[in-house]
Student: 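First the structure, then my questions, so here it is.
It should be emphasised that the depicted structure is a prediction, and the values quoted were computed from it without experimental measurement.
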Amino acid sequence: MLLAVTAAALTAGGIAWLAGAGGLADLFWALGTVSAVVPAVGWVVAALRHGRAGVDLIAVLALGGTLAVGEYLAGALIALMLATGRTLEAAAQRRASHDLRALLEHAPRSARRRTDAGVDTVPLAEVGVGDLLVVGPGEVVPVDGRVESAAAVLDESVLTGEPLQVERPRGETVRSGVVNAGGAFELRATATEQDSTYAGIVRLARQAGAESAPVVRLADRYAAWFLPLSVVVAGLAWLISGSAVRAVAVLVVATPCPLLLAAPVAIVSGLSRASRLGVVIRDGGALENLGRARTLLLDKTGTLTGGRPRVVDVIAAPGRKPAEVLRLAASLDQYSPHVLAHAIVDTARERKLELSVPADVGEEPGRGASGTVEGQRVYIGRLDTVDLEPSWARAVDNRALLDGAAVAWLTVDGRPAGAVLLRDPVRPDAPAPCATCGRRASSGC
């Protein structure tokens with residue numbers, strides 16, 4: 001609102017001045033200056049209460065001086081500049097607050113605790129180490145813990161970014177914040193709410209949102225000596241010339257336009273530019289720290305890769321054809337919501353294969369789907385290593401390990417019939433580094 005008022009006042013005053021109404025122009029510019037003085041004084045008082053004398057104090061002195069000596073156009077320009085900087089800072093803060101709200105909305109607030117009397121829903125703060133919890137299908141794991149029942153199938157993308165579901169066997173640890181993508185399982189709590197993984201992430205996000213960027217704090221530190229220097233020079237100008245206008249002129253010139261605008265503009269522009277490229281940066285401090293970084297750890301999925309697995313090869317058992325293997329697998333996977341199933345079906349349709357309608361379809365989360373296709377009992381999904389007796393199947397398993405590919409095995413009437421290899425392809429805008437110097441391949445050595 002302050003930006004709209006100051007911009008409108010400056011524009012209206014300019015139109016009036018062009019029309020020859022100098023008095024009306026001064027009135028509009030004075031109103032724009034006054035509209036900025038009131039909130040600016042509030043910002044300065046709040047900063048002084050916290051022991052900080054920032055660059056806004058110089059702007060307030062300049063605004064008051066222009067009103068005192070009647071230099072309303074200069075005051076309106078400073079008011080617009082101050083309002084623009086504050087608006088950009090507020091925009092960055094709103095984005096950070098939106099991200100924080102998303103984190104808080106995802107965080108669980110209660111848990112189902114199993115006791116001798118049954119299962120009770122209790123506030124998350126009452127969960128203690130050693131409590132036995134029940135996590136139902138689709139629920140968020142409330143605290144860090146250890147799987148106590150059968151294997152748990154989890155969607156850990158909220159923490160890792162990896163879209164593929166993960167199976168955690170009995171006795172393995174599970175972090176809070178992940179989603180149960182399978183059946184209900186029991187969890188033995190190993191941490192309280194405050195000590196769990198997701199609570200730590202929320203605390204870090206809150207701390208980051210409360211901090212200003214280091215470049216802004218640096219500007220305020222410069223103001224600590226720049227402010228008294230400006231006041232002294234303004235006083236000398238008034239003393240030597242005998243004109244208060246000269247003192248105001250010094251304050252107007254000393255108003256740190258780069259410190260008021262450059263830091264917010266640079267931060268917001270950098271965050272927006274990165275966002276358009278698919279990179280979400282938490283705040284201005286993190287953005288500035290990137291300039292000093294020497295080691296970068298990347299979450300592969302969605303960053304280096306597209307996050308949408310694709311079929312890279314189809315291998316058939318002796319006596320079968322790859323097209324037949326892909327067609328049977330895709331026919332069964334038509335009813336599956338799994339990300340790998342979508343990739344198999346899409347590839348079969350791209351190759352113009354005619355799919356059949358399956359019957360008696362069932363799916364075991366984290367394992368695979370089974371059903372009847374064209375009178376045959378078909379299964380597509382994971383197989384244990386002991387089931388890979390044929391030499392061709394062991395060769396496929398070794399190749400998948402070397403290539404970093406996921407394998408969807410196809411069995412027909414209980415016997416391995418083929419395999420579909422899938423991999424998350426590298427994004428086209430993420431070129432491989434040079435093997436010699438480590439820089440982008442396009443830059444050369």
Side-chain angles (χ1 to χ4, degrees), residues 147 151-157 159-175 178 181-182 297-326 328-330 332-333 336 338-348 363-370 378-412 414-428 430-433 435 438 441:
V147 179
V153 180
L154 304 171
D155 175 4
E156 299 184 345
S157 59
L159 296 183
T160 66
E162 183 63 54
L164 302 181
Q165 296 171 354
V166 178
E167 183 175 343
R168 300 294 180 190
R170 179 185 177 90
E172 191 162 339
T173 57
V174 174
R175 293 176 294 175
V178 303
L297 303 180
L298 296 176
D299 165 28
K300 173 184 69 67
T301 305
T303 305
L304 299 180
T305 61
R308 298 185 60 185
R310 301 290 298 169
V311 174
V312 295
D313 200 2
V314 180
I315 301 171
R320 293 185 180 271
K321 297 181 179 179
E324 178 190 7
V325 171
L326 181 60
L328 291 175
L332 181 58
D333 270 341
S336 174
H338 199 279
V339 62
L340 296 183
H342 289 309
I344 292 174
V345 173
D346 290 343
T347 302
E363 184 164 357
E364 183 182 353
R367 296 291 298 178
S370 59
V378 176
Y379 168 83
I380 180 72
R382 297 172 53 184
L383 287 181
D384 296 328
T385 306
V386 295
D387 297 327
L388 305 179
E389 296 179 358
S391 58
W392 69 268
R394 290 196 296 272
V396 171
D397 195 44
N398 292 334
R399 176 185 168 184
L401 289 175
L402 292 174
D403 292 348
V407 185
W409 294 96
L410 177 75
T411 67
V412 177
R415 297 182 60 84
V420 182
L421 271 64
L422 304 101
R423 190 167 54 214
D424 194 4
V426 176
R427 286 171 47 169

Student: Can you tell me how far CD1 of I315 sits from CG of L326, rounded to the nearest 0.5 angstrom?
Tutor: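 Output value for this atom pair is 12.5 Å.
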Student: Please round to the nearest 0.5 Å and tell me the distance separating atom CH2 of W409 and atom CD1 of I380.
Tutor: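 The CH2 atom of W409 sits 10.5 Å away from the CD1 atom of I380.
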Student: Which heavy atom of P309 sits nearest to which heavy atom of V339, and what is that distance?
Tutor: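 Residues P309 and V339, closest heavy atoms: CD-CG2, 3.6 Å.
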Student: Just to verify, which of V345, D346, V420, L340 counts as forming a side chain to side chain contact (heavy atoms under 4.5 Å, CB included) with V311?
Tutor: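 One option only clears the test, and that one is V420.
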Student: Between V314 and L421, is any pair of side-chain heavy atoms under 4.5 Å apart?
Tutor: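 They are not in side-chain contact.
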Student: Any sub-3.5 Å donor-acceptor pair from N398's side-chain atoms to R394's backbone N or O?
Tutor: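 Yes, the answer is positive, given that a donor and an acceptor are paired below the 3.5 Å cut-off.
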Student: Quick check: closest heavy atoms across W392 and P416, and the distance to 0.1 Å?
Tutor: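 Heavy atoms of W392 and P416 come nearest at CZ2-O, 3.7 Å.
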Student: Please name all residues satisfying side-chain hydrogen bond (donor to acceptor under 3.5 Å, both in side chains) with S336, sequence neighbours left out, ordered by chain then number.
Tutor: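 Scan of S336 (side-chain hydrogen bond (donor to acceptor under 3.5 Å, both in side chains), adjacent residues dropped) gives E363.
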Student: Please enumerate all residues that pass side-chain hydrogen bond (donor to acceptor under 3.5 Å, both in side chains) together with R168, with sequence neighbours excluded.
Tutor: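 Only E156, E172 meet the side-chain hydrogen bond (donor to acceptor under 3.5 Å, both in side chains) criterion with R168.
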Student: Run the side chain to side chain contact (heavy atoms under 4.5 Å, CB included) test against A343 and tell me which residues pass, sequence neighbours left out.
Tutor: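 Testing A343 for side chain to side chain contact (heavy atoms under 4.5 Å, CB included), a comparison that skips the adjacent residues, returns L422.
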Student: Indicate yes or no: at least one non-hydrogen side-chain atom of L328 is less than 4.5 angstrom from one of L410.
Tutor: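 Side-chain contact under 4.5 Å: yes.
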Student: Does P425 have any side chain to side chain contact (heavy atoms under 4.5 Å, CB included) partners at least two apart in sequence or in another chain, and if so, which?
Tutor: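 Partners of P425 under the side chain to side chain contact (heavy atoms under 4.5 Å, CB included) test: R310.
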Student: So which atom in A369 and which in L332 form the shortest heavy-atom distance, rounded to 0.1 Å?
Tutor: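 A369 and L332 have their closest heavy atoms at O-CD2, 3.4 Å.
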Student: Begin from the C-alpha positions of V166 and V153 and carry the test side-chain contact (heavy atoms from CB on, under 4.5 Å) through to its verdict.
Tutor: CA-CA 6 Å; V166 178; V153 180; over 6 Å; no
Student: Give the minimum heavy-atom separation between A400 and V407, together with the two atoms involved.
Tutor: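 Taking A400 first and V407 second, the nearest heavy atoms are CB-CG2, 3.2 Å.
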Student: Decide yes or no for P169 and V147: does some side-chain heavy atom of the first lie under 4.5 Å from some side-chain heavy atom of the second?
Tutor: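 Not in contact.
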Student: Among all residues two or more places apart in sequence or in another chain, which pass the salt bridge (charged side-chain N to carboxylate O under 4.0 Å, His left out) test with R320?
Tutor: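 R320: salt bridge (charged side-chain N to carboxylate O under 4.0 Å, His left out) contacts with E324.
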Student: Work out which heavy atom in A417 is nearest to a heavy atom in V412; give both atom names and the distance.
Tutor: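 Minimum heavy-atom contact is CB-CG2, 3.7 Å.
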Student: Going by the rule salt bridge (charged side-chain N to carboxylate O under 4.0 Å, His left out), which residues pair with D403 if we only count those two or more places apart in sequence or in a different chain?
Tutor: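 By the salt bridge (charged side-chain N to carboxylate O under 4.0 Å, His left out) rule, D403 matches R399.
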Student: Please list, chain by chain and in numerical order, all residues satisfying salt bridge (charged side-chain N to carboxylate O under 4.0 Å, His left out) with R175, sequence neighbours excluded.
Tutor: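 If we apply the salt bridge (charged side-chain N to carboxylate O under 4.0 Å, His left out) test to R175, skipping adjacent residues, there are no hits.
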